[in-house]
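Down below is the structure, laid out as structure tokens.
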Amino acid sequence: MYLFGRKLTRGRFEDGGVLYSYEQFSFQLRRIKVEKQFKYMPHIRTEIIAVNPVHPEPTAIERAAKLLRDGEVVVFPTETVYGLGAAAFQTAALERIFVAKGRPFNDPLIVHIAGEHELELLTTAIPEHAQRLAQVFWPGPLTLILPRGPRVPSLVTAGLETVAIRMPRHPVALALIRALGSPVAAPSANRFMHVSPTTAQHALADLAGRVPLILDGGPCQIGVESTVLDLCSEVPTILRPGGISLEALRSVLPHVQLPIQHKVPGRGEDVQAKKAPGQLLTHYAPTIPLLLFDGTDEAMRASMLAEMQRRSAQGERVGVLVADADVPVFQGTGSIIQTLGNAADPAEVAAALFAGLRALEEARVQVILCRNFGDRGLGLAIRDRLLKAAGGKIFGQD
Ligand code: TXA
Ligand code: MG
């Protein structure tokens with residue numbers, strides 16, 4: 001076994017990870033460096049600039065693009081959630097993303113493009129069905145997993161041989177990528193393990209003092225992240241349900257399949273973990289426990305109310321995450337009520353979901369009781385995020 005410039009065939013790192021190559025080793029070294037930087041990151045001034053979400057002001061966009069060119073990171077709105085962007089081909093800039101978020105290196109980033117010509121920079125093959133999907137859903141909330149091109153830094157892909165690519169449809173995001181003149185790698189602009197930000201204020205709450213600039217384009221329209229679709233597996237597979245529904249995808253590719261759903265850590269999660277290292281079950285965990293309820297409206301309300309009263313009696317401060325129609329059930333019970341709108345309209349619920357979770361956090365509740373919103377359309381993405389926040393458990397099931 002050789003190190004430093006020589007081939008390292010196989011070894012073991014102190015945290016138990018197995019090393020297969022020299023690249024993996026330098027990857028681990030960089031990870032340690034980033035973890036240190038996260039801890040001791042000097043406080044920087046965070047500026048917020050309001051931008052018109054439909055016709056972004058060129059001066060604001062140019063400011064942000066210059067920062068990206070200079071190797072800095074910038075928070076910008078997309079139609080799904082706010083992103084924390086860096087120039088995709090600048091390794092030092094990419095490191096700053098991980099430092100600012102406290103994100104582990106084994107969680108790959110999505111590369112954002114503004115035109116299909118940029119695909120050639122990023123991937124070696126654009127299969128026919130990728131082109132069809134791009135034609136229908138781009139620009140929009142669909143991320144395609146394609147074979148990684150040789151120029152894509154391993155920090156972007158977490159060492160995988162695939163790369164995640166999406167063309168956002170938010171005018172501010174598109175203007176920024178165009179002004180930079182090359183692709184922008186961006187995860188959601190939240191601290192690692194926190195819910196994604198759907199307003200500039202959410203991003204500020206998580207990243208103040210850690211990023212130089214936030215472009216404030218108002219609340220995000222969709223409110224859940226993009227759908228991540230793996231086109232490198234035998235059957236196109238959804239790795240993360242999101243802003244483009246399963247139904248919509250199947251109207252173009254009828255054989256799209258769902259992921260192996262919501263496995264409990266330690267019980268055979270390996271298949272999913274290898275394919276999508278970032279899809280940790282607790283990825284969207286709010287800082288407080290969340291209990292997800294299921295059943296008919298009546299049954300769900302009754303068991304939520306009973307659980308709420310039981311916990312209140314023990315002196316717990318309970319938050320309930322519900323739909324408009326549930327509100328009367330909880331009014332006057334002493335619970336903190338957060339409604340996500342009309343349960344029959346998943347798009348409305350999705351747009352309100354992350355802000356609702358954050359509002360309950362801010363209200364300092366000790367537990368969140370949450371109703372089920374179904375799984376049709378964007379409901380699948382909502383359910384995925386809620387299940388993750390609930391640690392994969394549904395209340396009432398074992
Ligand atoms: O809507 C969105 O997708 C937002 C906005 C900013 O575009 N971005 C976002 O990024 O949600 P992030 O980093 O929070 O989530 C990206 C997800 C991660 O769960 C990651 O594991 C997965 O995409 N991913 C990235 N590259 C991948 C790859 N090569 N193979 C499998 N999964 C990948
Ligand atoms: Mg994220």
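Along the sequence shown, residues carry numbers from 1. Basis for what follows: all heavy atoms, side chains included, without hydrogens, waters or symmetry-related copies. In each ligand, atom 1 is the first atom listed, and ligand 1 is the first ligand listed.
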side-chain hydrogen bond (donor to acceptor under 3.5 Å, both in side chains) assessment of Asn342 paired with Asp324: CA-CA 6 Å; Asn342 178 0; Asp324 287 349; over 6 Å; no
query: Near Ser188, which atoms of ligand 1 are under 4.0 Å from a heavy atom of that residue?
result: 8 (N), 9 (C), 10 (O), 12 (P), 14 (O)
message: Is the contact between Thr157 and ligand 1 made by the side chain, the backbone, both, or neither, using heavy atoms and a 4.0 Å cut-off?
response: neither
- prompt: Contact between Ile145 and ligand 1, counting heavy atoms under 4.0 Å?
  reply: yes
message: Is it true that, when you exclude His55 itself, more than 12 heavy atoms of the residues, nucleotides or ligands shown sit nearer than 6.0 Å to its NE2?
response: no
message: Under 4.0 Å from a heavy atom of Thr80: which atoms of ligand 1 are those, numbered in the order shown and with their elements?
response: 1 (O), 2 (C), 4 (C), 5 (C)
message: Any heavy atom of Arg166 closer to ligand 1 than 4.0 angstrom?
response: yes
- request: Could you see which bit of Asp230 sits under 4.0 Å from ligand 1, with heavy atoms only: side chain, backbone, both or neither?
  value: neither
field: CZ/Arg311: more than 12 non-hydrogen atoms of other groups inside 6.0 Å
entry: yes
message: What I want to know is whether Arg240 and ligand 1 share at least one N or O pair that is separated by under 3.5 angstrom.
response: yes
message: Any N/O/S atom from Ser196 (main chain or side chain) under 2.8 Å of the Mg ion (ligand 2)?
response: no
field: Proximity of Phe76 and Tyr82 rings by center, below 6.0 Å
entry: no
